Each structure stands twice: as structure tokens, then as C-alpha cells.
There are 2 protein chains.
Amino acid sequence: MLQVSQRVHYGLRAMTELAKAYGNGPVSLAEIAEAERLPAGYLEQLAMPLRRAGLIEGRRGLHGGYELAVPPADVTVGAVVRALDGAVAPVVCLTVEYVPGSCERDPVCLSRSVWKRVKDSVDRVLDSITLAELCTTSCAEPAVTFIPPEQIQRLGAKDPCSIAG
Amino acid sequence: MLQVSQRVHYGLRAMTELAKAYGNGPVSLAEIAEAERLPAGYLEQLAMPLRRAGLIEGRRGLHGGYELAVPPADVTVGAVVRALDGAVAPVVCLTVEYVPGSCERDPVCLSRSVWKRVKDSVDRVLDSITLAELCTTSCAEPAVTFIPPEQIQRLGAKDPCSIAG
DNA sequence: TTATAATCCTAGTATCCGACTAGGGAAATC
DNA sequence: GATTTCCCTAGTCGGATACTAGGATTATAA
């Protein structure tokens, strides 16, 4: 449960690439797509909201591309995911659009506080991590020691880097 | 982002009804559906996994229904949502099925630690809340002071108690 | 000035999944 | 034995997600 969208997953990966390249001039979407094995066309759609949120800047023409609009240390993961998928909101009564009281169950709702606490908890985590931090602490907890090749082969079809099933 | 499924949302609401009625004999799905305004047929599907997880017990026949298998204080929200939608896993490489290293990006993945921290954070919250606690602290933070009727009317079509848009 | 490489923007599509509905047993009560 | 409930399987339908396609715009470079 609580799967993250490909949109956010891809978008964050793309942003880490830009963070790694920060200061070395723009990186093209094609390069990012190649490095992170992302569909280039789809990636293009993710660039737009990120740009409009002021997180990245685009340079057109040859040797153009994207670069972070601010240093990696000033970009939180929370800002990235909010730009792509909006604010964390497990239920609609925790969105900004929600007009308080419009849900008839509001006065007797026992579950709302649960999702509020979940939201606050997630927000705290996401807003406490910057792209700079991600790039330095990179492989603090690698998930693997040794992988039998046949085991890898067996997984074949399904991309293990996609969202959770 | 990070919306909760109707399945979990409905299921938790149903469980709070059972928690409230704990000790007073079984409650029928029809009663729960009525109280929480849930589709009865769908609710039936949620009862199965909850029963198989050992959280509720069913009594057939007239005056039958469901009741909690254990006291509300012993049922965490985490157990409820896991029974319905599985463990919290923002990305597949954080599921139990994932065989470590099967993702080629594993050794260089910068984003994995983010979702790991999110998962841990959410788990901690969900496992720290019991149904008993929900029933007592119920309306600690009501979302409403006064609602103009016309404002309620205007929302009409869309159920504000559903998952986030 | 022409070609090329890149961002920028809109629209369409298609597959999958979530949220149901339908229908029919099996058991318990009255 | 009639009713009420749980129990279980299967099917359906709409909408969203994850793309693809196609083009316009801008900058570089030969």
C-alpha cells in the first residue's frame, strides 16, 4: 500500500541526476533518460511541472538541457514530489481544496486523525531530505551482497525498479 | 500524492464501528454499511481478508455479524491496513517479494533510501495507533466550526470522504 | 543560412487496476 | 423450513496512469 506513482519515482530519479551534474552546465533529457533508463518522452512531461515550480531551468538549442535552478542543498525531496503529484494527502479531507465540514462524517470521523498523522509524518521526512544529502549518502544501505545470476534472469519481465505491486 | 485506497479507507472505518461495538455481540455488515455509508457488497469483500488475518470473527445466521477477534486495544491500525492492502511499500524494492539486487540500479540508487525512510515513518505511525485509542480520542481535532448549508449543497456530486484527488 | 539539437506544448491512446455489482451457496436462528 | 446472515467467485465498468505522437520554438554551429 501507499505506492508512489511512476511520475514521482521517475521525477525524483531525474532530479538526482541533475543534482549530481550541478555546476557542470545543463544536462539533456536524453542523457537523463539514458542514465536512469527512463522513457524520454514521458520524462519530458515531468520536466514541465518541475520547471514551473522553479526547481529546474531549461536551456534550448544545441548543448542545451536542464539544470537545477538552485543548489542541491536547497532542494528538498518534498518540494520535488509536491511539484509532480501535489501535496501528500491520503484522503481528500486533508487536501487544500477540501472545505472544512463538507463531509457529513466530519464531526464523528474516527479515521481522519490517522491519516493526518501519516501525512505529517511523511511531510516531515520528505522535507528533511535534500538532493545534496541524497548525493553524498548515496549507498549507505545497499540492498545486496551477492546475487546469483540465475536469480536475476528469473525476474526478467518485471522491472523491479518500478512502483510496488 | 500517496493516496490511500478506498479499500483501506472503508476497511478502517468499518473496523472503528466494530471497535465501538466491542463486547455487545456481533454487528452485521448491513449495519456497518448503514452507519458508515459504505456499499454493502463491497464491504463484504473487505471482511474476508480481515477475518483471515485474525482481526475479526464472523457469526452466521440471524443476529449474526462480525466482531473483533481481540480487544480494540490490541488491534493496531497498521495491522488493519496490512490485512487489506499489504505492507506499506512506496516502491517494489521495498516489498518482501523483492529479491535484493535484482534491480540493476540497486548499487547506485539514490532514491531508495528516501522511500525506505518514508515507509519506516509511516509504519511507526500506523503501528502506534490502536482502535481503542481511535475510539476514545475521536474528535480531538474537528475540522469544522460552522458550515453554510449552501456550501454543502454545492459539493453535491463528489463524496468528500473518498480518497484524495 | 541551413541543419541540427534541444526545450516546449498539446493531444491522443491504451492498458491496467480499483471499485464496485451479481449471484449463488452454507450455516445459524426462529 | 423460512429467513437472515456470512462466505466465496466471477464479472464489469470507468477512470486514471503511463505512456506515444506530432509539432512549434529557440539556440548553436558549420
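Every chain is numbered from 1 and lettered A, B, ... according to where its sequence line falls, protein lines coming before strand lines. None of the values given here were measured: they were computed from a predicted structure.
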Figure out the [atom1]/[atom2] separation between [X] and [N], and round it to whole Å.
| X | N | atom1 | atom2 | result |
| --- | --- | --- | --- | --- |
| I56(B) | dC6(D) | CD1 | P | 10 Å |
| L62(B) | dG1(D) | CG | P | 19 Å |
| L46(B) | dC20(C) | CG | P | 10 Å |
| L84(B) | dA19(C) | CG | C1' | 14 Å |
| L43(B) | dT21(C) | CG | P | 12 Å |
| E31(A) | dA6(C) | CD | C1' | 11 Å |
| Y42(A) | dG12(C) | OH | C1' | 15 Å |
| R7(B) | dC20(C) | CZ | C1' | 12 Å |

(message) Whether D120(A) and R124(A) form a salt bridge (side-chain N of Lys/Arg under 4.0 Å from carboxylate O of Asp/Glu) is what I want to check.
(response)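 No, no charged N to carboxylate O under 4.0 Å.
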
Under 4.0 Å from OP1 or OP2 of [N]: is there any side-chain N or O of [X] that close?
| X | N | result |
| --- | --- | --- |
| Y66(A) | dC8(C) | yes |
| R52(B) | dC8(D) | yes |
| Y10(A) | dA18(D) | no |
| H63(B) | dC30(C) | yes |

By nearest atom, which of the nucleotides [options] is closest to the [X] side chain?
| X | options | answer |
| --- | --- | --- |
| Q6(A) | dC19(D), dT28(D), dT26(D) | dC19(D) |
| Q45(A) | dT20(D), dT25(D), dT28(D) | dT20(D) |
| R60(B) | dC7(D), dC8(C), dC30(C) | dC7(D) |
| S5(B) | dA19(C), dA6(C), dC8(C) | dA19(C) |
| M48(B) | dC30(C), dA26(C), dT9(D) | dT9(D) |

(message) Test your reading of the model: is there a side-chain donor-acceptor pair from Y98(A) to the backbone of V91(A), 3.5 Å cut-off?
(response)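 No; zero donor-acceptor contacts below 3.5 Å.
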
(request) State whether the side chain of R7(B) and the backbone N or O of L84(B) hold a donor-acceptor pair below 3.5 Å, judged by distance alone. (result)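 Side chain of R7(B) to backbone of L84(B), a donor-acceptor pair under 3.5 Å: yes, one is there.
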
(message) Under 4.0 Å, counting only non-hydrogen atoms across every strand here, what does G41(A) touch: a base, just sugar-phosphate, or nothing?
(response)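 Counting heavy atoms under 4.0 Å across all strands, the contact made by G41(A) includes a base.
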
(message) To the closest 0.5 Å, what do you measure between CD (E17(A)) and CD (E34(A))?
(response)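 These two atoms lie 10.5 Å from each other.
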
(message) Is any side-chain heavy atom of M15(A) closer than 4.5 Å to one of L131(A)?
(response)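 Yes, at least one pair of side-chain atoms sits under 4.5 Å.
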
(request) Identify, between A40(B) and E44(B), the residue whose nearest nucleotide on DNA chain C lies closer to the 5' end. (result)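 Going by which nucleotide is closer to the 5' end, it is A40(B).
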
(request) Could you say whether G64(A) or R51(A) is positioned toward the 5' end of DNA chain C, judged by the nucleotide with the nearest heavy atom to each? (result)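 Its nearest nucleotide being more 5', the pick is G64(A).
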
